[in-house]
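Have a look at the structure below before the remarks.
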Number of protein chains: 2
Amino acid sequence: MGTLPELFPEILSKGRRNVPKDLSLEDIARLSGVSRSTVSRVINDQPYVSQKNREKVLRIIREHNFQPNLAARALASQRSRVIGVLIPHDVSDLFADPFFPILLKGITLASNELGYGVTLWLSTVRNHHRSFYDSVFNESLIDGLIIASATFDETFLKWLSNFRKPSVFVGAAPSSMPNVSFVDVDNRNGGFMATRHLLDIGCHRIGMIEGRQKQSSSDQRREGYIEALEKADIPIDPELIIPHGNYTESGGYEAMKRLLVRDVDGVFAASDIMALGAMRAIREAGLRVPQDIAVIGFDGVPYGAISNPPLSTISQPIDLLGEETARTLVYVLDNDVPHALYKILPVALVVRESTSRMVD
Amino acid sequence: MGTLPELFPEILSKGRRNVPKDLSLEDIARLSGVSRSTVSRVINDQPYVSQKNREKVLRIIREHNFQPNLAARALASQRSRVIGVLIPHDVSDLFADPFFPILLKGITLASNELGYGVTLWLSTVRNHHRSFYDSVFNESLIDGLIIASATFDETFLKWLSNFRKPSVFVGAAPSSMPNVSFVDVDNRNGGFMATRHLLDIGCHRIGMIEGRQKQSSSDQRREGYIEALEKADIPIDPELIIPHGNYTESGGYEAMKRLLVRDVDGVFAASDIMALGAMRAIREAGLRVPQDIAVIGFDGVPYGAISNPPLSTISQPIDLLGEETARTLVYVLDNDVPHALYKILPVALVVRESTSRMVD
DNA sequence: AATATATATGGGAACGCTCCCAGAATTGTT
DNA sequence: AACAATTCTGGGAGCGTTCCCATATATATT
């Protein structure tokens, strides 16, 4: 790649610098005929300002479109009103799955509404090392951290142990950190409901495609699957549980190929993306969904609704998951909560054509 | 909704506050036996520090895991090394489309690598008004702005006219701002290639589904479509151009229904999502893709590759679009460029089954 | 009317850096 | 050896807030 200037085919003229200086608190104070302190009280909605002065200051602020300087505020108050969102592993194909984007949307909307900004830090293979966390993700500008990940490596855990600000995990926290706040969905119950639904429509040999083993979301979904089968007095066949779907379409596809030779009539995939891959494998084998094999996913991503056939799923309130995570963190920040908090959100069964076989 | 405490089923114990105070520049200076100024020079990689002192300071910094306070830095230097990403319209279903998330990933990765943080601001119907921009999106903590949007309303444009920091648009800037930096893809050429490809495989009556009229990306794609037909001496039939696909699946579906009665044998949709909707309509009408109607989209989103049938498309380098946008903004910030810059990125034809009819 | 109490106001210090400038130490030049 | 040029170093001022404290003013209580 060349230097940047040569990458630009044309240069249009428009200066952007030498802008007039912003007004400061002091300026507003002078203009309103009060002191800096009074203006500060007005801005922060504090008591001990006379009605008359408050209105006057507010008017001047509005007239001059005054914005307090956040850097100065952060420096003086030791709070930035910014929260960080960190994904502590490679994100190369993370954004192909709508889960994270929707989560991020929820986090950002809720944070913005609570008066917090959100800053995002992503890791790639090439910057994934301690100094990424240390130098780029500088603690001093964020008040707290939301950690969105399902897997945690050593580098990250070591770094995190020195991180001294409140943090909240989306999904389960690492097992090495039992006393940390998190917000999660009811994975186990979701696995149960999915499997129960397949049984209800008449499936007898139900396979499961796991995301990744030793990953709590996937493990809990499997537990739900097993529980549903056990309650129905169906023996668990380990051959029907394929561990490594990797939460990818091709992972689901490969896993399904292995299930096809084991003659299943229903499949529960631990994510919608894997379910889509599974349906592709079924189609290529010349079988039909749901007539020959019923398929249900997990997540409730928008694409499931428009796939061919539309995909039944356990829908997670992903938006809400993000929002609740943000609210939890902000709550901790604004109230100086000395404990870890957690919250489990419910999931819901969404029935579409991919399991419509025997339901009337 | 109840108050937050009651939303949490259980409270685990772990204090988080009263953390020890961070070290400051001054502390590092004292520990290294030099002055604050020297430490500052080391941190900022400036000259005029003896080799001996530089190493010593660096060692102390590493030993104590010192992180300069960004708020203080921002206040003193008037630069925060944070850039903002703003989506100035309702994002409710924006994240259903992978375009934006992938863009955001590109922006964030490139920014992080250049030492900048990214903060994200989203708007919803309920917070979309002037004070959202004024009060939440406070200028003082960002050095510049990336504006990712295809449509601009009055509220936003008015606000933007007062925004005095460098900004770069993703996609075309509003027509009212001719002299502003932007990074875009070659939409016109993409429209041309898509249409040319449909002609190449033998289509004669080619419909187009637009995203939204008066939106430069969609308009340019249509221009390319028209150019390709004209060069092939095929008269333009305005009946075959459906203006309001809205870049949604259902929009594409409805648009296709209108094209079906006009007997097309090929369709160019201005986005992949709309193309998927179009394929659904074709399927429901009992016709086959590509045998009866060939379909090509625009974007190159991951889902196109796994749809049924896999979707041909004009693939945009979305990652790169985000990265280049961030690099452009950072370049402007770091070099005090007094002009607007722009860059057009190339697109590529990706042939999959949805147009595989007559190719051998 | 005198005093206690609550409310209101302003100024100083601090937050932790950067930047400028004065001066010291080192190196180069005649 | 004397001086100029260059490299290096430290201290002061300033960035625009918040927070604390001293003091002034209004209100309530006897």
Side-chain angles (χ1 to χ4, degrees), chain A residues 19-58 60-61 64-82 115 135 138-143 334, chain B residues 19-58 60-61 64-82 115 135 138-143 334:
Chain A
V19 291
K21 208 155 180 321
D22 282 337
L23 292 176
S24 74
L25 259 197
E26 207 86 49
D27 299 321
I28 298 297
R30 199 168 12 76
L31 291 166
S32 334
V34 298
S35 76
R36 182 169 30 90
S37 301
T38 299
V39 177
S40 176
R41 288 187 193 97
V42 171
I43 285 178
N44 293 293
D45 220 20
Q46 286 167 3
Y48 301 127
V49 178
S50 65
Q51 189 63 19
K52 180 176 131 288
N53 275 343
R54 194 180 292 273
E55 279 163 11
K56 185 163 188 183
V57 169
L58 245 20
I60 303 284
I61 286 179
H64 293 78
N65 206 344
F66 168 71
Q67 301 278 77
N69 181 304
L70 291 186
R73 245 181 161 168
L75 178 59
S77 68
Q78 311 284 23
R79 309 193 47 197
S80 62
R81 295 195 77 83
V82 169
S135 65
N138 188 309
E139 305 186 21
S140 51
L141 213 59
I142 59 166
D143 292 340
D334 285 349
Chain B
V19 291
K21 207 154 182 318
D22 282 336
L23 292 176
S24 73
L25 258 199
E26 208 86 48
D27 298 321
I28 298 298
R30 199 169 10 78
L31 291 166
S32 333
V34 298
S35 75
R36 183 169 30 91
S37 300
T38 299
V39 178
S40 176
R41 288 188 194 98
V42 171
I43 285 180
N44 294 292
D45 220 20
Q46 287 167 3
Y48 301 126
V49 179
S50 66
Q51 189 64 16
K52 181 175 131 288
N53 275 343
R54 193 180 294 271
E55 277 162 13
K56 186 164 188 181
V57 169
L58 246 19
I60 302 283
I61 286 178
H64 293 80
N65 205 345
F66 167 72
Q67 300 278 77
N69 181 303
L70 290 187
R73 243 181 162 169
L75 178 59
S77 67
Q78 311 285 19
R79 309 195 45 198
S80 62
R81 294 196 77 85
V82 169
S135 66
N138 187 309
E139 304 186 24
S140 50
L141 212 60
I142 59 166
D143 291 341
D334 285 350

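Note: hydrogens, waters and symmetry copies are ignored here, and every other heavy atom, side chains too, is used. Reminder, nothing fancy here: chain letters follow the sequence lines and each chain counts from 1. None of these values were measured; they are calculated from a predicted model.
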Kindly indicate whether the side chain of [X], heavy atoms from C-beta on, has any atom under 4.5 Å from the side chain of [Y].
X	Y	answer
A/Arg54	A/Asp45	yes
A/Ile43	A/Arg73	yes
B/Ile60	B/Val39	no
A/Leu141	A/Val82	no
A/Val42	A/Asn53	no

Whole-Å distance between [N] [atom2] and [X] [atom1]?
X	N	atom1	atom2	value
A/Leu141	C/dC15	CG	P	18 Å
A/Glu26	D/dT17	CD	P	9 Å
A/Leu25	D/dC19	CG	C1'	13 Å
B/Leu75	C/dA14	CG	P	17 Å
B/Ile43	C/dC19	CD1	C1'	15 Å
A/Leu70	D/dT18	CG	P	10 Å
A/Gln46	C/dA8	CD	P	13 Å
A/Arg79	C/dC15	CZ	C1'	15 Å

Q. In terms of side-chain heavy atoms of B/Gln78, which of D/dC15, D/dT17, C/dT18 is nearest?
A.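 Of D/dC15, D/dT17, C/dT18, D/dC15 is nearest to the side chain of B/Gln78.
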
Q) Reckon B/Asn69 has a side-chain N or O less than 4.0 Å from the OP1 or OP2 of C/dC15? A)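 So the side chain of B/Asn69 is outside the cut-off, no N or O lying under 4.0 Å from OP1 or OP2 of C/dC15.
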
Could you tell me which non-hydrogen atom of [X] sits nearest to which non-hydrogen atom of [Y], and how far apart they are?
X	Y	value
B/Arg30	B/Asp27	NH2-OD1, 2.6 Å
A/Asp143	A/Arg81	OD2-N, 2.7 Å
B/Arg79	B/Asp334	NH2-OD1, 3.3 Å

Q.
Generate the contact string for nucleotides 4-14 of chain D. Rules: B means base contact, S means sugar-phosphate contact only, - means no protein heavy atom under 4.0 Å.
A. ---SBBBBBBB

Q) How long is the span from the OG atom in A/Ser40 to the CD atom in A/Gln46, to the nearest 0.5 Å? A)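 Rounded to the nearest 0.5 Å, the OG-CD separation comes out at 6.0 Å.
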
Q. Going from OG on B/Ser80 to CG on A/Asn69, what distance comes out if it is rounded to the nearest 0.5 angstrom?
A. 10.0 Å

Give every pair of a protein N or O atom and an N or O atom of nucleotides 23-26 of chain D that lie under 3.5 Å apart, one pair per line with the distance.
none

**Q.** Terminal helix-axis angle for the helix from C/dA1-D/dT30 to C/dT29-D/dA2, with five pairs defining each axis and rounding to 10 degrees
**A.** 30°

Q. Got a donor-acceptor contact below 3.5 angstrom from the B/Ser32 side chain to the B/Val34 backbone?
A. no

